[in-house]
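Note that the structure is a prediction, hence the values are computed from the model and not measured.
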Amino acid sequence: MTDPKLFYIAQLIEKFLTATASLEEEKELNEWLKQNPENKRLLDSFRDSTSIKNELNELSSFNSNEGWVEFRRKLRLKTFFKWIKYAAAAVFFIFSIRFLDITFNKVPPHETVAAAKAEVVKPGGKIAMLLLSDGTIINLEDQQTNLKEKDGTDIKGKNGELIYENLGERLNVSIYNELRVPKGGIYHLSLSDGTKVWLNSMSSIRFPVHFLQKERKVYLEGEAYFEVASIKDAPFMVEVGGNRVEVLGTSFNVNAYDDITKTTLVEGAVKVWKKGEYKFLKPGQLASVSDKIKIEQADIGKALAWQKGEFYFTSDSIEEIMLQLERWYNVEVEIENKNNKSTKVTGRIKRDSPINEVIELLGFASNASFSLEGNLIKVII
Amino acid sequence: MIRITSIEELFKEHYASLCYFAVKILGDSKLSEDVVQDAFLAYWQKNKEVSADSICIKFFLYSTVRFTCYKMIRREKVVQKYHRLNQNNDIEHAEILNEIIHSEVLDAIYKIMKSLPEGCQMVFKLGYLEGLSNPEIADQLGISVNTVKTHKQRGLRLIRRKLNPELFALIFI
């Protein structure tokens with residue numbers, strides 16, 4: 001008997017005890033009984049009323065609700081220690097900014113209709129568009145780019161990364177470029193001051209090619225992760241959603257896909273502004289800005305998961321999850337939730353997983369049903 | 001492999017049977033609970049690698065619990081109480097597998113009992129598992145003896161439908 005087969009035997013015994021075993025199943029059970037005298041002894045033990053009573057008593061003494069509380073406590077401790085190691089190593093800022101949807105999407109060639117359906121939806125890739133100061137739009141997509149802006153600055157790009165270097169002459173007025181990442185895209189940018197930015201799908205950043213003023217200011221929509229180069233007396237500002245995040249030299253994530261801008265600080269210090277007021281953010285904290293500024297404990301792993309190539313769901317609703325999938329896979333989603341049920345899902349998936357695998361697992365984990373038709377995901381909760 | 005699941009549901013579904021299995025080896029219930037919680041932690045961390053198949057999950061959990069118990073015993077941190085581990089690996093292996101089956105079936109019976117409506121369930125637990133008499137049950141629950149009898153009859157009718165008459169007769173009459 002192979003090891004996992006033992007669960008099948010358990011099922012056979014249960015069926016026997018509940019008088020729901022088929023003839024075939026009873027036969028199989030008898031085969032098993034013959035294999036070893038121990039097996040017969042096991043079955044007979046369920047017919048001994050005294051021993052069953054004692055055993056049920058013992059089994060019932062284990063309280064799974066209390067056990068769950070203990071488990072959560074142990075898990076929190078483990079996560080806390082993991083975070084401490086992480087905070088010491090990395091410092092990144094992420095900003096998100098609302099981004100206008102740019103319908104730029106590559107459809108790969110396909111041979112059969114069936115293959116076409118499966119291939120139309122692909123996980124995100126390194127796609128972006130660069131808008132230069134003179135209005136020219138450059139498509140950046142895994143090809144090499146070598147440009148010069150009108151002030152002479154070199155713009156080099158390849159493999160999903162764009163680097164600004166060899167600054168040209170200082171002009172009197174700042175010239176701006178804008179990097180736009182569409183649905184299904186992700187991109188890495190190095191600014192002329194050495195600051196590194198990672199942009200998630202449906203995001204854009206507008207920045208001066210050459211930082212002329214003492215204040216280094218960029219404009220963000222959507223979501224981005226920053227590693228700001230520390231320059232003395234030159235604070236870095238991110239304008240997002242009409243408000244501002246003032247950076248004092250470190251790493252943070254900003255997520256502003258909806259009306260609430262969420263800034264998660266990994267390392268360093270940040271000032272979050274709303275109208276005339278500000279609050280300081282400490283590493284490991286999250287500032288949520290809507291009509292006011294709210295500071296709370298952050299889940300760094302969760303905030304940075306996208307930049308590490310993962311989706312990380314922690315009791316997230318199906319609706320929230322589908323929003324993320326929509327942006328990354330560039331699909332349309334229709335959700336039907338007649339009974340207004342709230343379904344929470346927890347888990348991790350790599351962002352390079354094919355969409356059908358993702359929804360298959362969501363279906364398994366959540367009891368909602370998912371179907372993929374071409375470019376549309378239909379969900380029934 | 002990729003995996004998404006509700007770890008809480010998984011935990012509550014299998015916790016008791018795993019603890020029961022562990023206590024048969026270790027003999028200490030607090031320690032058993034620790035071992036089982038740690039097994040779920042190990043599962044949680046390996047989330048990416050354990051298959052989406054519920055049998056594989058159960059097998060992973062039982063295996064983790066089993067080997068943690070062995071480690072504890074070998075380090076002589078725990079005195080073997082109920083289950084003696086033999087030098088002969090084959091026998092030990094077969095016996096342990098049967099212990100797993102035993103836990104699973106017992107848990108299934110327990111869940112059938114738990115599926116009874118609450119009033120009946122309490123009466124059953126006190127009457128059949130703890131062996132209290134009807135007046136004693138009535139006293140503890142603050143209900144009349146007649147109500148106790150009604151609950152018993154109703155519970156018996158419900159259980160009769162779910163359990164094999166032979167087993168039913170032995171346990172509940």
Side-chain angles (χ1 to χ4, degrees), chain A residues 1 3-4 6-11 13-14 16-21 36 38-39 41-43 45-49 52-68 70-72 74-75 78 311 313 315 344-350 353 357-358 360-362 364-366, chain B residues 2-8 11-20 23 29 32-34 36-38 40-41 44-45 47-48 52-53 55-56 58-59 63 94-95 97-98 100-110 112-114 125 128-131 162-167 170-172:
Chain A
M1 172 171 73
D3 292 348
L6 62 88
F7 293 109
Y8 180 64
I9 300 290
Q11 270 190 328
I13 299 180
E14 287 159 33
F16 173 72
L17 294 175
T18 57
T20 54
N36 192 326
E38 268 304 304
N39 298 352
R41 196 195 62 80
L42 175 60
L43 188 64
S45 74
F46 290 110
R47 297 170 175 193
D48 178 343
S49 60
I52 280 285
K53 283 186 208 176
N54 287 335
E55 292 178 351
L56 284 174
N57 239 334
E58 189 160 17
L59 183 78
S60 66
S61 73
F62 294 109
N63 183 327
S64 68
N65 289 324
E66 284 173 12
W68 172 250
E70 261 305 293
F71 171 77
R72 292 284 306 191
K74 288 181 182 176
L75 186 61
K78 272 204 163 195
F311 288 109
F313 307 130
S315 268
K344 308 270 183 200
V345 174
T346 298
R348 262 187 235 269
I349 339 166
K350 284 219 175 295
S353 315
E357 260 186 64
V358 176
E360 198 177 300
L361 284 160
L362 282 174
F364 168 77
S366 68
Chain B
I2 310 154
R3 164 147 205 94
I4 312 174
T5 189
S6 168
I7 186 88
E8 184 169 355
F11 187 91
K12 291 186 176 169
E13 177 76 13
H14 299 303
Y15 187 68
S17 55
L18 285 164
C19 286
Y20 181 79
V23 84
S29 61
S32 316
E33 294 199 62
D34 276 338
V36 174
Q37 287 155 19
D38 288 347
F40 275 100
L41 280 173
W44 178 242
Q45 279 174 322
N47 221 338
K48 291 178 198 176
D53 178 353
I55 300 260
C56 278
K58 277 203 267 199
F59 187 65
S63 298
E95 275 178 4
L97 292 188
N98 278 12
I100 296 179
I101 299 177
H102 189 113
S103 286
E104 287 285 291
V105 177
L106 194 69
D107 194 51
I109 297 177
Y110 184 65
I112 291 175
M113 254 189 59
K114 292 277 276 181
K125 196 165 188 285
Y128 294 115
L129 294 188
E130 295 182 29
K162 294 190 181 184
L163 276 182
N164 185 317
E166 194 187 309
L167 177 66
L170 279 173
I171 297 183
F172 295 108

- [ ] Take Ile52(A) and Leu106(B) through the test side chain to side chain contact (heavy atoms under 4.5 Å, CB included) and record every step on the way to the result.
- [x] CA-CA 8 Å; Ile52(A) 280 285; Leu106(B) 194 69; 4.1 Å; yes
Side-chain contact, heavy-atom cut-off 4.5 Å: [X] with [Y]?
{"X": "Phe7(A)", "Y": "Ile101(B)", "value": "no"}
{"X": "Lys78(A)", "Y": "Gln45(B)", "value": "yes"}
{"X": "Lys74(A)", "Y": "Gln37(B)", "value": "yes"}
{"X": "Glu55(A)", "Y": "His102(B)", "value": "yes"}

Task: Phe71(A) and Phe11(B) aromatic ring geometry - parallel, tilted or perpendicular at 30°/60° bounds - done: tilted
Open item on the list: Under the rule for side-chain contact (heavy atoms from CB on, under 4.5 Å), what residues qualify as partners of Arg41(A), not counting sequence neighbours?
Closed with: Glu38(A)
Open item on the list: Restricting to non-hydrogen atoms, name the atom on Asn98(B) and the atom on Leu42(A) that form the minimum distance, rounded to 0.1 Å.
Closed with: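 Closest approach of Asn98(B) to Leu42(A), heavy atoms only: O-CD2, 3.8 Å.
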Kindly compute the distance separating [atom1] ([X]) from [atom2] ([Y]), expressed to the nearest 0.5 Å.
{"X": "Tyr110(B)", "Y": "Leu56(A)", "atom1": "OH", "atom2": "CG", "answer": "8.5 Å"}
{"X": "Trp68(A)", "Y": "Lys12(B)", "atom1": "CH2", "atom2": "NZ", "answer": "7.0 Å"}
{"X": "Ser64(A)", "Y": "Glu13(B)", "atom1": "OG", "atom2": "CD", "answer": "9.5 Å"}
{"X": "Leu59(A)", "Y": "Cys19(B)", "atom1": "CG", "atom2": "SG", "answer": "9.0 Å"}
{"X": "Ile100(B)", "Y": "Ile9(A)", "atom1": "CD1", "atom2": "CD1", "answer": "13.0 Å"}

- [ ] Let me know if Asn39(A) has heavy atoms under 4.5 Å from chain B in its side chain, its backbone, both or neither.
- [x]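 Contact with chain B is through both the backbone and side chain of Asn39(A).
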Open item on the list: Which atoms of Tyr15(B) are under 4.5 Å from chain A, going by heavy atoms: the side chain, the backbone, both sets, or neither?
Closed with: side chain
TODO: Apply side chain to side chain contact (heavy atoms under 4.5 Å, CB included) to Phe62(A) and Val23(B), showing your working.
DONE: CA-CA 10 Å; Phe62(A) 294 109; Val23(B) 84; 4.1 Å; yes
